[in-house]
Amino acid sequence: MTASRMAPKTAELRSRTALRPDVLAHWYAAAARDLPWRGGGVSAWAVLVSEVMLQQTPVARVLPVWSTWMARWPDPMGLADDTPADAVRAWGKLGYPRRALRLHAAAHRIVTQFDGSVPASVADLESLPGIGAYTARAVAAFAFGARTPVVDTNVARVFARALLGRAHSGPSVTAADRASVEALLPAGPAEAARFSVAVMELGALVCTAGSPSCARCPVRMDCAWHRAGAPAHAGPRRKPQRFEGTDRQVRGRLLDVLRGTAAPVSADDLGRAWTDSEQRSRALVSLLRDGLVEQITDGRFGLAGEGAAPEGSG
DNA sequence: TAGCCGTGGAG
DNA sequence: TCTCCAAGGCT
């Protein structure tokens, strides 16, 4: 869903009925998953944490980690008071552990810069580490009721299919995509947020990337892609990511060792996690550079913040 | 901006 | 077994 693919004018898009807010709201009420970070009584912090955890990560894997996290750190102050190592360890095996580091840094910034309260504006949210264009708008809309386009890969795909008749959206969500979605957002903030979460849910449960379930789609009769016979995508697909044998895998192995031990470990201990010393060294350097790992004065390695000498000891 | 950054379940 | 990928962000 690049800018060029969004060529149809707003008025033309608006005239189409493929994504009627009322239809989507009705479907959402009946089909949506009951997720603990949705609905009333959930803090903005809880929403923010869920959105960060959900980046590139399946809901089923996020659920238990989010629950544990929120029980331990119900507000940003609690997390900011603990070490980055605590955050990385609590993150467990969710993947992309730098998110834990950034969430910890975000909590610190919320405390120091925003008086402990998650900011409500998109601009302030985007200024926080680990909070990008999508997450900032998701928090603004779902936690604060802001009328702002919440466009993730699901929303982009649903729009590409229902309104443009294309099988897939572009490789990444652009500002032009957000502008297109914003043009179709219901006028009321509450309705807009409901519309956004409904489209997201539709993309996650029905209008999936691989094998969409058009038969049970509430908007199939008005979907441009479905009406065109659901033609396959012609252009190039995203290059599949390989993992086995990559530095990413090595980083994961090293971090797994460090998560599993309370005390810092020696280089030899890390050596057992991966035999190729050159690759192991490269991965370790990158972890140090990222701030996930640190080396203490005796040469051993630990998660960031846990190997630090006590204050005043040197 | 294309490449990098984890993990493990599903088909 | 192997491929694909799941609510992005950062450089």
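Sequence lines set the chain letters: A, B, ... in the order given, protein chains first and strands last, and positions in each chain run from 1.
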Query raised in the report: Are A:Arg251 and A:Asp290 close enough for a salt bridge, meaning some N to O gap below 4.0 Å?
Result: yes

Query raised in the report: Any ion pair linking A:Arg147 and A:Glu191 (charged N to carboxylate O, less than 4.0 Å)?
Result: no

Requested in this report: Hey, could you give me each pair passing ring-ring contact (aromatic ring centres under 6.0 Å, His included) that has a residue in residues 63-82 of chain A? Not counting sequence neighbours.
Outcome: A:Trp37-A:Trp66, A:Trp69-A:Trp73, A:Trp69-A:Trp91

Query - Given C:dA7, C:dC10, B:dG8, the nucleotide with the shortest approach to the side chain of A:Arg102 - result: C:dC10

Report task. Using the test side-chain hydrogen bond (donor to acceptor under 3.5 Å, both in side chains), find all partners of A:Arg259 that sit at least two apart in sequence or belong to another chain. Result -> A:Asp256

Query - Any residue meeting side-chain hydrogen bond (donor to acceptor under 3.5 Å, both in side chains) with A:Arg220, in chain and number order, not counting sequence neighbours - result: none

Query raised in the report: Are any of A:Lys93's side-chain N or O atoms less than 4.0 Å away from OP1 or OP2 of B:dG8?
Result: yes

Report task. Return no unless some side-chain N or O of A:Gln56 is found under 4.0 Å from OP1 or OP2 of C:dG8. Result -> yes

Query raised in the report: Among residues 130-137 of chain A, which contact DNA chain C at a heavy-atom distance under 4.0 Å?
Result: A:Gly130, A:Ile131, A:Gly132, A:Ala133, A:Tyr134, A:Thr135

Report summary line: Ordered by number, residues from residues 37-46 of chain A within less than 4.0 Å of DNA chain C (heavy atoms) are A:Trp37, A:Arg38

**Report entry** Separation of the P atoms in B:dC4 and C:dA7, to the nearest angstrom
**Finding:** 22 Å

**Report entry** Between C:dG9 and B:dT1 - C1' atom distance, rounded Å
**Finding:** 14 Å

Report summary line: Sorted by number, residues from residues 244-254 of chain A placing a heavy atom under 4.0 Å from DNA chain B are A:Arg248, A:Arg251, A:Gly252

Requested in this report: For residues A:Asp86 and A:Arg72, determine if any side-chain heavy atom of one lies less than 4.5 Å from a side-chain heavy atom of the other.
Outcome: yes

Query raised in the report: Hey, is the side chain of A:Thr57 pairing donor to acceptor with the base of C:dG8 inside 3.5 Å?
Result: no

